[in-house]
Asker: 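Below is one structure. I have some questions about it.
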Amino acid sequence: MACGISMKLSEDVGIYIFIRLPVKSLMRFKSISKTLYVLIGSTTFANLHLNHATITKDELILFKRSTKEESEQFKNVLSFISHIGDDGFIPLHPDLNVPHLTNDYGSLFHHLIGPCHGLIALTDSVVTVLINPATRHYRQVPPCPFGCPKGYHRTIEGVGFGFVSILNDYKVVRLSDVFWDPPYGYAEGRDSKVDVYELSTDSWRELEPVEVPSIYYLPCSEMIYKEGVHWFASTEKVVILCFDIGTEIFRNMDMPDACHSIKQSRYGLLVLNQCLASICYNDPGCTIDPTQDFLHIWIMKEYGVSESWIKKYTIRSLNVESPLGFWKDQFLLVESKTGQLIYYDVNSDEWKELGLQGYRTSLRVIVYAESISSIPSGRQHGTQVQIF
């Protein structure tokens with residue numbers, strides 16, 4: 001009896017220690033013994049490790065940018081950042097080239113979605129790659145097999161990625177518009193199509209037809225929050241379109257009323273103080289009176305309740321092309337109109353540069369915590385887990 005209690009206590013102490021270790025150390029420990037390999041590779045341990053990293057706010061930055069190489073070709077690069085401050089930034093790993101995604105002008109429309117239970121999705125809408133930035137494992141999602149009938153044209157309007165905790169499964173969702181494309185004249189009509197990929201079955205399926213408002217493309221959207229994927233969409237006004245990744249049901253959420261009173265505005269979705277946040281800023285393509293050039297940030301205190309929006313910050317803008325994300329609830333990461341990664345410190349009320357540059361409109365950022373979460377292998381050739 002005493003021996004059993006002692007062994008259980010030793011195991012608990014070991015887990016208590018291991019969940020505080022960085023992923024790099026855990027990967028080494030997995031090779032020491034079969035017991036540690038099984039423990040560290042278990043779903044239970046991965047959840048404990050991820051929860052500890054989330055609670056302690058051990059946040060890192062995954063930064064994607066594109067640089068023009070030839071007349072029509074781009075180089076797409078991922079950078080891993082562990083710290084930003086007055087002395088610039090500190091890289092966590094060497095830069096990596098983005099695998100599989102398009103390297104033409106479509107590079108300017110790549111998206112990073114996540115983090116979702118330790119994983120991040122990179123997508124160019126057609127191709128989606130799942131990565132764990134901590135273990136440096138990645139896997140391409142198999143292509144969606146669904147097309148459209150002859151005489152029709154299909155455009156992919158939005159992609160989402162999320163984790164369903166009750167199913168312990170990841171999903172990718174793809175929103176498309178299908179138009180009749182006559183030989184002469186313009187495309188007519190519009191039907192919405194929704195496809196869902198489940199990692200556990202390694203397969204795609206089509207959802208029943210559903211009416212979905214038109215996606216309003218903006219670079220700082222396609223965001224996951226509380227197991228819901230969020231986009232901007234157009235009805236009589238701009239709304240937030242949410243797709244519950246578990247129930248697979250759509251719903252609209254209103255933006256802050258004040259957003260609609262700002263002329264020539266654009267929008268972004270962020271997470272701030274663990275709340276869904278909306279940012280409203282002036283269209284970078286318009287000429288704006290500098291005295292009226294502000295970023296306005298609201299947070300939704302009660303998720304899903306439009307009446308709970310409250311304004312958190314009003315910030316004098318500085319050459320902003322697009323917001324990218326918040327780091328440690330203090331630093332607003334932004335792309336400038338010259339393609340630089342800059343940030344605003346809400347504590348010091350200062351804008352600063354980081355010395356990172358890309359082709360204008362190509363910059364993307366995801367803030368994440370290290371995780372030991374694994375990516376299941378696919379069943380099809382070419383979709384196996386690989387390592388950078």
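From a predicted model like this one, the values you see are computed outputs, not experimental measurements.
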Asker: Under the side chain to side chain donor-acceptor pair (under 3.5 Å) criterion, do Ser66 and Lys64 qualify, and how do the steps go?
Answerer: CA-CA 7 Å; Ser66 302; Lys64 177 265 169 185; 2.8 Å; yes
Asker: Output yes when Lys237 and Asp254 qualify as a salt bridge under the 4.0 Å nitrogen-oxygen rule, no when they do not.
Answerer: yes
Asker: Measure centre to centre between the rings of His93 and Phe63, then say whether the value is under 6.0 Å.
Answerer: no
Asker: So, Tyr344 versus Phe331, ring centres under 6.0 angstrom or not?
Answerer: no
Asker: Could you check whether any side-chain N or O of Thr102 sits under 3.5 Å from a backbone N or O of Gly106, counting only pairs where one atom can act as donor and the other as acceptor?
Answerer: no
Asker: Tell me whether Glu335 is salt-bridged to Arg65, with the criterion being a basic N under 4.0 Å from an acidic carboxylate O.
Answerer: no
Asker: If you take all heavy atoms of Asn76 and Asn103, which pair is closest and at what distance?
Answerer: ND2-CA, 3.8 Å
Asker: Check for a donor-acceptor pair, side chain of Asn132 on one end and backbone N or O of Ser371 on the other, with a separation under 3.5 Å.
Answerer: yes
Asker: Any Lys/Arg nitrogen of Arg139 or Asp202 sitting under 4.0 Å from an Asp/Glu carboxylate oxygen of the other?
Answerer: yes
Asker: Apart from Ile387 itself, what residues make up its hydrophobic cluster, given side-chain heavy atom links below 4.5 Å?
Answerer: none
Asker: Among all residues two or more places apart in sequence or in another chain, which pass the salt bridge (charged side-chain N to carboxylate O under 4.0 Å, His left out) test with Glu302?
Answerer: none
Asker: Name the orientation class of the two ring planes belonging to His83 and Trp327 (parallel below 30°, tilted from 30 to 60°, perpendicular beyond 60°).
Answerer: perpendicular
Asker: Answer yes if the ring centres of Tyr217 and His111 are under 6.0 angstrom apart, and no otherwise.
Answerer: yes
Asker: So, Asp195 and Arg154, do they make that salt bridge, N to O below 4.0 Å?
Answerer: yes
Asker: Any chance CD of Glu211 has more than 12 other-residue heavy atoms, nucleotides or ligands included, within less than 6.0 Å?
Answerer: no
Asker: Counting the benzene-type ring for Trp, do Phe294 and Tyr281 have ring centres under 6.0 Å apart?
Answerer: no
Asker: Looking only at heavy atoms, which two atoms of Pro213 and Asn252 are closest? And how far apart?
Answerer: CG-OD1, 3.9 Å
Asker: Is the side chain of Glu227 donor-acceptor paired with the backbone N or O of Ser165 at a distance under 3.5 Å, no angle test?
Answerer: yes
Asker: Please report, to 0.1 Å, the donor-acceptor pairs under 3.5 Å made by any side chain of residues 319-326, with sequence neighbours excluded.
Answerer:
| from | atom 1 | to | atom 2 | distance (Å) |
| --- | --- | --- | --- | --- |
| Glu321 | OE1 | Arg360 | NE | 2.7 |
| Glu321 | OE1 | Arg360 | NH2 | 2.7 |

Asker: I'd like to know if the side chain of Thr123 and the backbone of Ser125 have a donor-acceptor N/O pair within less than 3.5 Å.
Answerer: yes
Asker: Is there a side-chain contact between Leu60 and Ile81 in this structure, where contact means two heavy atoms from C-beta onward sitting under 4.5 Å apart?
Answerer: no
Asker: Taking NZ, NE, NH1 and NH2 as the nitrogens, is one of them in Glu222 or Arg364 under 4.0 Å from a carboxylate oxygen of the other?
Answerer: no
